[in-house]
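First the structure, in the form of structure tokens, and then the observations on it.
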Amino acid sequence: MVCIVCKQKEAKVHYTELAQGQVKKIDLCETCAKEKGLSDPTSFNLADILLGLGASHEMEQASESKGGELKCQTCGFTQADFKKTGRLGCADCYKVFAEGLAGMLKTMHKGTTHKGKVPQTFRRSHDHASKLAQLEQDLQGAISREDFEHAAVLRDQIKVARKTPAKA
Amino acid sequence: MNILEFLISPSDAAKRSGPHDKVVLSSRVRLARNIRGVPFPGHARKADRVRAFETLMPAVQSLNQVGSDAFAESMEKLSQNEKKVLVERHLISREHEAKGVGSGIVLNREETLCLMVNEEDHLRMQALRPGLQLGQAWMSLDSVDTDLESRLEIAFSEQYGFLTACPTNLGTGIRVSAMLHLPGLVLGEQINQIIQAVSKLGLAVRGLYGEGTEALGNVFQVSNQMTLGESELEIVERINKVLLQIIEHEENARLTLLEKKAKVLFNHIGRAYGTLANAHSISSKETMNQLSLLRLGVDIGMIPGTPKSLVDELFLLSQPAHLQLKTPDKLDAEQRDMLRSDMLRDRMREVARPDHLGVVIPPKAAA
């Protein structure tokens, strides 16, 4: 049996947790167990407990690949903060930590893309953007077909659409 | 107005009824929302938290669904015990109970809509209904949420949906839950099977006061865990389906007990009555377990003339913070156990002695 964190060394520390009627088994090598503070279960990383073991590790790996610890420029939240709390600092953190979150979200949720309610204001600007993109695509098509009459109409429509704010 | 004066009295609160309320005590839908440009409450400095509070409170209070007769207050203005009372009424979370400056609560007159400001997220909105009414709870909360959109800049991303402090709430930010009374499944020793089956469906089963609490009084809370990649309506419908099945299992378990172990069942209920009516010191845990059996007794017709609402009222009045309301002196656990038993002995005089002859035992052929 190999360690579930480093996936290299042999697992020698076996941790069983009974939570809400579910048995959770965690097998770690000595090094990873020490690192996770498993000799003292009270110092276990909250992120790991809340989000599943390996969550904070995944985050670390993602940030190492970007050279150094990630930090949200908007709110100053760091990956160490995430490890400690299992929470994020602000809405922008989702962009900063996107890479490390991706795998975690996959195991945590049904999918990784939102399905369901979209706020009105967002829907309007979204519709607007996609309409503009469609017009531009049509324009390219018209030009390549050398249908310049139609292209001129489309060009004017794009001009108007760009001037109208999304919220109108 | 004082929150204690505002709250519906325990006796009226217990009288609220809804579909399937022999098994489903209450339904709840919660939405987590955050405003753009302010750090989440857990990471925000006090000044930021207060700024969010000052943006959110007037926006929330101006909602039609909240109404001008709602209760709205900063958490620092509430006493420790008042906050505990709100937890015992399931109106705020334990996490919110610990909050002070920069956090708030807004509760409508009917107590069907309760909003927590600066809990783990900037806004946690909850629609509450008696019995099994998840669809209705969702529809009413959906309209509240839509009205709020025009008043606030909500943090939303196309990919991740509504952005929340904890990634476990990401997407819809919805938590759909129901509080279930399952004495039949517990006595019939089927409860673990049910819990396991429900967990496998991606739903969580917890105790009375949510996360990390014991299932006292045979009360269990079932809720969705996943919030991303599934729409609100899909989640509501899925949970509803599972709940209808749990209800059926509970009803069957009660019938089976009556059929095969009627004596055991009557013994439990009779002793529960005896203890509640005669104890001179009783812990909150024992009270909840005995009241659970008494409620079962009412449901199967063993306690003539006693409405279920009386048992539910006693359940509420037995909680520590509700008992503390009876006296200005700070009670310790021992004093509380005595005061609780005094209250129960007094109120149990309204409850008729259990009569097993009044119980209709289902014919064996029905099995």
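Since we're looking at a predicted model, the values are computed, not measured. Values reported hereafter were calculated over all heavy atoms of this structure, with side chains retained and with hydrogens, waters and symmetry mates removed. In what follows, chains are A, B, ... by sequence order, proteins preceding strands, each numbered from 1.
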Original post:
chain A: which of Ala155(B), Gly42(B), Gly161(B) shares the most heavy-atom pairs with it under 4.5 Å?
Top reply: Gly161(B)

Subject >> Which portion of Leu228(B) sits near chain A, non-hydrogen atoms under 4.5 angstrom >> reply: both

**OP:** Tell me, for Thr146(B) versus chain A, whether the close heavy atoms (under 4.5 Å) come from the side chain, the backbone, both or neither.
**Re:** both

Subject >> Any donor-acceptor N/O pair, Thr227(B) side chain to Leu170(B) backbone, under 3.5 Å >> reply: yes

**OP:** Determine the minimum heavy-atom distance between Ile174(B) and Ile235(B), stating which atoms define it.
**Re:** CG2-CD1, 3.7 Å

Subject >> Salt-bridge criterion met for Arg124(B) and Glu119(B) (N-O under 4.0 Å) >> reply: yes

**OP:** Under 4.5 Å, counting heavy-atom pairs only, tell me which of Pro39(B), Ser157(B), Ala165(B) racks up the most with chain A.
**Re:** Ala165(B)

Original post:
Taking the six-membered ring for Trp, are His43(B) and Phe77(A) ring centroids under 6.0 Å apart?
Top reply: yes

**OP:** Please work out whether the ring planes of Phe156(B) and Phe162(B) are parallel, tilted or perpendicular, with thresholds of 30° and 60°.
**Re:** perpendicular

Original post:
Heavy-atom distance under 4.5 Å to chain B: side chain of Thr74(A), backbone, both or neither?
Top reply: neither

Subject >> Proximal component of Asp48(B), with respect to chain A [non-hydrogen, under 4.5 Å] >> reply: neither

